[in-house]
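Keep in mind that what you see is a predicted model, and the values were worked out from it rather than measured. Chain letters run A, B, ... following the sequence lines, proteins first and then strands; every chain starts at 1.
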Amino acid sequence: MSDPVQNNGKEPLASVVNLKAAYGDHVVLDDVSLDITEGEILVILGNSGCGKTTLLKHFIGLKQPSEGHVKLFGDDWWSLDEPEREAAIQKIGVLFQYGALLGSRTLAANVAVPLEQHTNLSDEVISRIVGLKLRQVGLQGSEKLLPSELSGGMRKRAGLARALALDPPLVFCDEPSAGLDPATTYLLDKLLLDLRTNLGLTLVIVTHETASIKRIADRIAFLDEGKLVFTGNLKEAMSSGIEPVEQFFHVAGAVT
Amino acid sequence: MALTRKETGFIVEEGSIRLLTDLRRGGPPRLLENLCEAVKKSEGNRVYLDLSNLKRLDSLGGSLLAELSVRGHVAGKQLRFTGVSEEVEKGLSRYYFPSPELRVPSQKFKILDELGQKIVEFWESVGDLVLLISESIYWSIIALWRADGHRKGAVEAQALAIGVGALPVVATISFLVGLVLALQSAAQLRQFGANIFVADLIAISMTREMGPLMTAILLAGRSGSAIAAEIATMQVNEEIDALRTMGLNPIRYVVVPKVWGIILTAPLLSIMATVIGIAGGFIIGVTSLDLSPQAFLAEAVGSLQLLDIISGTVKSLVFAVLIVILAAYYGFRVKGGPEGVGRVTTTSVVVSIFAVIVADAILGLLFYL
C-alpha cells in the first residue's frame, strides 16, 4: 500500500495492526493496519457505515479488538495494566461528535474534569489552566455557561478545550464538522490547523466533509466496507484509480 | 356472478380479462383476490389482461399487477398485458417487477429460535447486572478511603438531591398513610373496645413496614427515575465514553456518589417517615378515638422492640441500594436515542418498585420467622 508521507524513520505515535472488529456475525473492520505519524493530520474517510467510528473507538481504547492489536506510543493498549493504561490515556485527547460535555456542569467545570482527576493542582491553578484552554479555542469569558446554552460549534470547541486540558500530543476528533454550517466548519478547521502549528499536535480526524478534507488533510485513510482501501494524500486519492475513493471525491466534488 | 362489474372492477371476456377501473389507490377492495380467482379459472396457461381502460399506472397498481403475475405463475398461468397505452407502458417499466425477491418477507419467526435468543439475552443481562453490582459495591467501599475517583463534594450533592429533596413528599405521604391506617383499623378495633391497640398497630406497622416501604417507593419514583434518565442521557450523548477516554471510571465517577448519597439519607428518611406516620395515627387516635395523648404515646413506645427498629433500618438500606443499582443498570443499558432514555427510565422505575416489594417480603420472612 502506498504511503507517501514518509515516516522519516520515526516510530508511529499510534497504530492498529491487522485489526478485526465484529458485532456478532457482522464484520465491521476487516484486517485493517494503519499508522499515525507524529505531526500529521490524518483524515479517516469513508461512506456512512464503513467502520470509521469503530476504528476510532479502537484507537482510543473504548473497544477491544476481536483480533489484531492497537498500539499507543509503542505499547499494546490491551496488554497494559491499569496504571499504565491510565498514564497512556492522559496522552490522548478526544473530541466527540457533539462535544459530549457533561450536561450538568459549566464549561469551566467540564474542562477541569481531567485536571481534577489526574493532577494534584490547586483549584486556583486549575481555573487558570481552564481559562487558558478556553482562550485557545476562542471561548474566553464563557466559563460559567452550561453546555445547553451553547451553539453546536461552541460545544465542539469546548469539547476540544477539554480534550486539550492535559496537553496531549495526540488528539482524535470524531466528525468535528457534523451538524455545522460551512462557515462554522471553516472556523473549526482553521482552529485545528492553528492548534497543530502552535502546539505541535498530531490529529486524527474522522469526517466525510470534502471541503474540510481539502483544507486540513495531510494524509487520507479511506475505509470501504470495513477494509482500508487507500492511504495517501488528496491528490493521489483523486487519481488513485480505486473505485470507491474516486467515486467519493467525484460525487462529493460535484456538489461542493 | 354475485358481484356486479362495478364492485369487482373487471370483467371476464372471451380469452381475456378486462380491467374496468384505473388502478389508482389499488382499485376496489379485494381486487387482487378476485382477479387471482379469475386468472386461475381461465383456460389455457396464457392469460391476457386488457389494460386499455387504464389511463396511467402508479406504483400501487404496478405492485398489484406484479403480485398477480407472481401468484398466477405459481398456479401455472402466464400473465400477458394487452391494450397497453404509452402512459401505462411508462408505469410498467417503472413499477412492474414481478420478481419474488421484491416482496418483503413476512415475519414468521421460529418459536424455538426466539426462545433461545431470549434465554441468551436474559443470561447476558444477568451477567451485566452481576458485574455492575460487584463493581459498584467494590468501588463504593474503596471510596471510603480513596475519594479520587469522583468529584469533590459529589456525595454531599447527591445526598442533598436524593435525601433532602425528598423530605416534603415523604413527610406528606407517610403522614397520610399513618392517618389512613389509624382510621381503617380503628373502625374494626372499636367494635371490640380495643381502641388503644391502634397505637400498637400504627407504631409497629410504620416502623417495620410502611416507613421504609413508602420511602423506598417514593425514592424509586423520584430518584430512581432521575438516576436512570441521567445515566442514559450521558450514555446517549457519549458522555460516558468521554469519561472513559479521560481516564475516569464511569461507575466511580457517576454511580458511587449516588450509592453513598442514598445510603446516607434513606435510613434517615425512613425514620422520619415512621415518626411522622405515627404522628398521623396519633392525631386520629386523640381526636376521634377518645384516647389520651399520654396513653397513646406510652402504648406506642411500649409496643416497639429493638428488632422492629433494626429491621426497618436494614430494610431501608437494602431498598436504597436496590434502587440505585437498578436505576444505574437500566441507564447504562440504554439503546437508541432520546426515546431509549424514556423507555429505560420507565422500566427502571417499574422494576425497582417490584424489586423493593419482593425484597420487603423476603426480609419480612427473615426477620420474623
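More than 12 heavy atoms of other residues, nucleotides or ligands sit less than 6.0 Å from atom CD of B/Glu135. Heavy atoms of other residues, nucleotides or ligands lying less than 6.0 angstrom from CG of A/Asn198 number more than 12. At most 12 heavy atoms of other shown residues, nucleotides or ligands fall within 6.0 angstrom of atom CZ in B/Phe354.
Between B/Met246 and A/Pro114, the closest heavy-atom pair is SD-CG, 3.5 Å. A pairwise comparison of heavy atoms in B/Thr245 and A/Ile89 identifies O-CG1, 3.4 Å as the closest pair. Nearest heavy-atom pair across B/Glu238 and A/Tyr98 is OE1-N, 4.4 Å.
Only the side chain of B/Leu243 has a heavy atom closer than 4.5 Å to any heavy atom of chain A. A/Asp123 touches chain B through its side chain: at least one heavy atom from C-beta onward sits under 4.5 Å away, while N, CA, C and O do not.
For residues 257-273 of chain B, the salt bridge (Lys or Arg N to Asp or Glu O under 4.0 Å) pairs, not counting sequence neighbours, are B/Glu230-B/Lys258.
Contacts with chain B were tallied for A/Arg162, A/Gln97, A/Lys57; A/Arg162 has the most, counting heavy-atom pairs under 4.5 Å. Of the listed residues A/Glu116, A/His118, A/Arg105, the one with more heavy-atom pairs under 4.5 angstrom with chain B than any other is A/Arg105. Of the listed residues (A/Leu95, A/Leu102, A/Ile92, A/Ile60), the one with the most heavy-atom contacts under 4.5 Å to chain B is A/Leu102.
Residues A/Phe96 and B/Asn237 fail the side-chain proximity criterion, which asks for heavy atoms closer than 4.5 Å.
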